[in-house]
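Remember, it's 1-based here, ligands and their atoms both numbered in the order they're listed. Since this is a predicted model, take the numbers as computed values, not measurements. Residue numbers count from 1 along this sequence.
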Amino acid sequence: MKLLVVGGGGREHAIVRKLLESPKAEKVYCAPGNGGISCDAECVNLSAMDTAGVVSFAKEKKLDLVFVAPDDPLAAGMVDALEAAGIPAFGPRANAAEIESSKVFSKNLMKRYGIPTAGYEVFSAPQEALAYLRAQDRYPAVIKADGLALGKGVIIAQDYAQAEQAVRSIMEDKVFGASGNRVVIEEFLTGPEVSVLAFTDGKTIRPMVSSKDHKRALDGDRGPNTGGMGTVSPNPHYDAAMAERCMQTIFLPTVEAMNREGRPFSGCLYFGLMLTPDGPKVIEYNSRFGDPETQVVLPRLRTDFVDVISAVAEGRLADQPVEWSSQAAACVVMASGGYPGKYRKGVEITGLDSAGQAPGVTVYHAGTVKQDGKFYTAGGRVLGVTALGDTLDEALARAYEGVERIRFDGAQWRTDIGRVKA
Ligand code: AMP
Ligand code: GLY
């Protein structure tokens, strides 16, 4: 098969590597890819948002499957456009991707179908949101922009002043553009967070092994929220009994709800869960693989990945076994100094070969470019240093050994991935 992966971060590097393990993957392209991905796949100079470009490339190369990995092209209808051109695609159509791209849609969906989530109200005028906050007077208050906001659209306000600032910057200053036309204000929940990605073709759902993200920039879960600074799999808080409970109360009801709404979901459905004292609740849905969750989940997949995604795209997941390794995996993100704020680009990275050669270590590139055989930083999150081990301790020790071998000016990473309590 000839395949194209759309996207260019650490998640896409992990997807490309996994596809290449399959004897069925004759050729793998990636658009636009990055410095590390270019060592494994043929990178195509097309933006991940260039739907017309991706469709014509797929036709020209007679591709067998296009894997659309990021949220924005999914929300913009890239899968719809591929289908219309007769090209098989992995990922949801735009009307199903709305489960991520509109928090108002996903919250109303959960309410309508009795899927456990935080209580909430929706506002389309800032004055009403502020009046509600004053009347409620309960903190922390959780304020979310309705639309996509690069993972930055959620503000946990500790008092009215912070809440007011959040509402004004989202709804009046439009810091996230049209994504801030509406806000959701919701109840603050507590408990360990768990990420569960699941393959689904809209009829069958097969959850993958669980994982845990570390979203805050600094050790001890301090500092600003980021796209994710590291992950482990499995998530130590999630056991078989909890998995079964989530299947019955969340996973199956969500697939069914999307069907009833006439928006069958096909692709990878990501459940961001919180295990609250009142049971598991949905914090967010994503319509795609998580980043950096993918980097710890896919290495544990034992079944041929091409077989699994083909079965999803063709609606025959019920007949496709999906098996997982019992090993643990850990991913430590090395980021540019200053991330998630301002950072420098074009800083040379050294030590990559030796990290790749540390036993069991794989370095997924997130934001790099390659020039004359050397790698340079090109983004906030630069590398995801990942390792498998028989235990989580072993996986973590290997991943951190890999990190120690890599150098670039200003590199920052968390030293407590897999160690924080919640
Ligand atoms: P999200 O972008 O929706 O994943 O939200 C970012 C982070 O905000 C989540 O990972 C949670 O840690 C936190 N968060 C979101 N909603 C809530 C909530 N209702 N209660 C407590 N924390 C929340
Ligand atoms: N790591 C969280 C996400 O991909 O949304």
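- Among the atoms of Leu189, some N or O lies under 3.5 angstrom from an N or O of ligand 1.
- Between Asn225 and ligand 1, not a single N/O pair is under 3.5 Å apart.
- Contact annotation: for Lys281 versus ligand 1, there are no heavy atoms closer than 4.0 Å.
- From the protein, the heavy atom lying nearest to atom 5 (O) of ligand 2 is Arg288 NH2, 2.9 Å.
- The aromatic rings of His13 and Tyr364 stand perpendicular to each other, their planes meeting at an angle above 60°, with 30° marking the opposite boundary.
- With no hydrogens or angles considered, no side-chain donor-acceptor pair links Thr386 and Gln295 at under 3.5 Å.
- Between Glu293 and ligand 2, a contact under 3.5 Å exists for at least one N or O pair.
- The shortest side-chain heavy-atom distance between Val347 and Ser336 does not fall under the 4.5 Å cut-off.
- Summary of contacts: the protein heavy atom closest to atom 14 (N) of ligand 1 is Ile156 CD1, 3.9 Å.
- Looking from atom 4 (O) of ligand 1 to the surrounding protein, the closest heavy atom is Glu284 OE2, 2.8 Å.
- Residue contacts with ligand 1: Lys152 is excluded, as none of its non-hydrogen atoms falls under 4.0 Å.
- Arg300 and Ser233 share a side-chain donor-acceptor pair at under 3.5 Å.
- Atom 17 (C) of ligand 1 has its closest protein heavy atom at Ile283 CD1, 3.7 Å.
- Remark: side-chain polar atoms of Gln412 are paired, donor with acceptor, to backbone N or O of Tyr339 under 3.5 angstrom.
- Counted by atom type alone, Tyr132 and Glu121 present zero donor-acceptor pairs between their side chains at under 3.5 Å.
- Listed by number with element, the atoms of ligand 2 under 4.0 angstrom from any heavy atom of Asn286 are 3 (C), 5 (O).
- The pair Asp71-Arg288 counts as a salt bridge, with a side-chain nitrogen and a carboxylate oxygen less than 4.0 angstrom apart.
- Residue-level proximity to ligand 1 for Glu187 is carried by the backbone, the only part with a heavy atom below 4.0 angstrom.
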